[in-house]
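Read the numbers this way: they start at 1 and go in the same order the structure lists the ligands and their atoms.
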Amino acid sequence: METLQGKKSFDIDINEFTLRHKNYNRLILDLGTGDGKFAFHLADNFPNHFVIGLDSCRENLHQYSRANLPNLIYIIANAQSLPRELNGLISYIHINFPWGSLLGSLLNGDTNLFCGLEKISSPQALINLNLNAGALNEQGWSLLHGVDQVEVNLRRFGWQIENPKQINIQALKKFPSTWSKRIAVGRDPRAISLSGCFNP
Ligand SMILES: C[S@@+](CC[C@H](N)C(=O)[O-])C[C@H]1O[C@@H](n2cnc3c(N)ncnc32)[C@H](O)[C@@H]1O
C-alpha cells in the first residue's frame, strides 16, 4: 500500500506494516483524514495507540505527514477500496466531516465501502462519524434526513448505532480537525455525530 511522508510516497508491504504497528494494542483509522491534523492529534496524545490517517488526496497531507511519530502513518487510498493490509486490525474508525465520494458512499450504502469497513474492523470495533449540513446539502440531503440515511446504512451493515448527537459551535471550534474549525465559522455550522460499535 502507498504511504506518504512529506512529499515522498513509499510502498510498504504487509511485513513492514506489521513491524510498524505490532507493539501497539489499538489501531485507530481516521478515514478521509484531509490534511491529517486529527490523526496527528490522536497519535501525539495517545502514544500507546497506532494511528492511520487515510485519504484519496495527497496534496493536503504534506505538512502533517512530515511528522516523525513512530505511531502515525498516512496512507493514500480510496475509502471504497481499503488496503487489505488493514484487515481485522482496526479497533476504532473515525470519519470526520466527509464529503465527495466518501459521503456519497455512506449515503447510498455502497457495499465497496461498507464491506471494506467490515473487513478492516476487529471484533467490537467502534465507529464515530461527524456529519455536517453543508456537505450533506451539496449531495441533496438535509442534515436530519442525511444523518438518518447514513445511520440506516450503518445498521444494515452490522453497526449498532447510538442516538445521534448535535455538535454545537463551541464543540466544533474545540475539535482538533481543520474542517471542524472551518465549519464552525462558516455559513451553516450545523453538525451531528453518530457513534456505535460493530456487532453483526
Ligand atoms: C471535508 S474534508 C475533511 C477532512 C478531515 N477529516 C477534517 O476533519 O479536517 C473530506 C475529506 O474526505 C476525503 N475523501 C472524499 N472521498 C474520499 C474517498 N473516496 N476516499 C478517501 N478519502 C476521501 C477528501 O479527500 C477530503 O480530504
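- Around the CD atom of Gln166, the shell of radius 6.0 Å holds no more than 12 heavy atoms that belong to other residues, nucleotides or ligands.
- Using cut-offs of 30° and 60° on the angle between ring planes, the pair Phe97 and Phe175 is perpendicular.
- The closest donor-acceptor contact from the side chain of Ser195 to the backbone of Ile127 lies at 3.5 Å or more, if one exists at all.
- Near ligand 1, Gly32, Thr33, Gly34, Asp55, Ser56, Cys57, Ala77, Asn78, Ala79, Gln80, Asn96, Phe97, Trp99, Ser101, Leu102, Ser177, Thr178, Trp179 each place a heavy atom less than 4.0 angstrom from the ligand.
- Between the side chain of Gln80 and the main chain of Ser101, a donor-acceptor pair closer than 3.5 Å is present.
- Sorted by first and then second residue, the side chain to side chain donor-acceptor pair (under 3.5 Å) pairs involving residues 10-30 (not counting sequence neighbours) are Asp30-Thr33.
- The closest side-chain donor-acceptor pair between Ser177 and Asn96, if any, does not fall under 3.5 angstrom.
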